[in-house]
Amino acid sequence: MTRGISTQRSKKLSGSADIWTADKSLQLTALKTMAFSYCVSSRQTLCRLQFERALRMDPGFDLEPGEKQHPLWAPVFEQAKKRISAAANKPAPARKSSVKPAPAAQ
């Protein structure tokens, strides 16, 4: 698959309102297809971002057994899983208190 075909496929999928208003399983399939297209065209960051979107949409999202062995997207998928897991386990930042301390006694 050439980069041009992958780019066309990804643009077609990402711009389709029908896909993004469809049920979750179709959206997940579209995200996986886009990720694969980005990976085969050497755009690993975009590939990872699609996998991350899928994992945020469905934390149980996974690749098929044969897909888990692919040299291009399997490592990127594992990286996305680690990033999503790390973000989920990261403590929320401390909030600044809006209460002002009492003035010191004189």
Side-chain angles (χ1 to χ4, degrees):
M1 180 182 313
T2 66
R3 184 175 181 149
I5 293 171
S6 291
T7 301
Q8 291 170 355
R9 180 177 292 158
S10 296
K11 283 182 181 180
K12 195 175 261 190
L13 284 172
S14 65
S16 174
D18 291 339
I19 291 172
W20 307 116
T21 57
D23 65 14
K24 185 164 67 170
S25 67
L26 181 61
Q27 291 179 41
L28 290 169
T29 299
L31 288 168
K32 182 167 76 168
T33 301
M34 288 170 54
F36 290 173
S37 293
Y38 287 134
C39 277
V40 299
S41 60
S42 301
R43 295 181 289 171
Q44 279 70 25
T45 301
L46 290 171
C47 177
R48 179 182 46 79
L49 290 172
Q50 301 315 303
F51 283 139
E52 288 177 9
R53 284 179 64 191
L55 289 161
R56 280 192 295 276
M57 186 180 292
D58 179 3
F61 174 78
D62 206 354
L63 299 178
E64 297 296 323
E67 296 166 344
K68 289 181 180 183
Q69 305 304 314
H70 196 279
L72 292 178
W73 55 70
V76 179
F77 179 71
E78 289 304 317
Q79 182 185 33
K81 281 178 36 176
K82 286 177 185 171
R83 289 173 61 99
I84 292 297
S85 178
N89 295 325
K90 187 177 181 180
R95 298 176 86 193
K96 288 187 177 181
S97 174
S98 60
V99 178
K100 293 184 180 183
Q106 293 184 8

Salt bridge (Lys or Arg N to Asp or Glu O under 4.0 Å) filter on Asp62, not counting sequence neighbours, yields Lys68
Contact check, side chains of Phe77 and His70, non-hydrogen atoms, under 4.5 Å:
no
By side chain to side chain contact (heavy atoms under 4.5 Å, CB included), which residues pair with Gln79, not counting sequence neighbours?
Arg48, Arg83
Taking side-chain contact (heavy atoms from CB on, under 4.5 Å) as the criterion, tell me which of Leu72, Val40, Val76 meets it with Cys47.
Val76
To the closest 0.5 Å, what do you measure between OG (Ser25) and CD (Gln27)?
8.5 Å
Parallel, tilted or perpendicular, as decided by the 30° and 60° cut-offs, for the rings of Phe51 and Phe36
perpendicular
Pairs touching residues 48-83 that satisfy disulfide bond (SG atoms under 2.5 Å apart), sequence neighbours left out
none
Run the side-chain contact (heavy atoms from CB on, under 4.5 Å) test on Gln50 and Arg43 for me, step by step, so that the C-alpha distance in whole Å, both residues' side-chain angles and the decisive distance to 0.1 Å come before the verdict.
CA-CA 11 Å; Gln50 301 315 303; Arg43 295 181 289 171; over 6 Å; no
Heavy atoms only: give me the nearest Ser41-Ser37 pair and the separation to one decimal.
OG-O, 3.0 Å
Could you check Lys32 against Leu63 for side-chain contact (heavy atoms from CB on, under 4.5 Å), going step by step and ending with a plain yes or no?
CA-CA 8 Å; Lys32 182 167 76 168; Leu63 299 178; 3.9 Å; yes
Do you reckon Ile84 sits in the same ILVMFWY cluster as Met57, going by side-chain contacts under 4.5 Å, direct or chained?
yes
State whether the side chain of Ser85 and the backbone N or O of Lys81 hold a donor-acceptor pair below 3.5 Å, judged by distance alone.
no
Close side-chain approach of Tyr38 to Leu49, heavy-atom, < 4.5 Å:
no
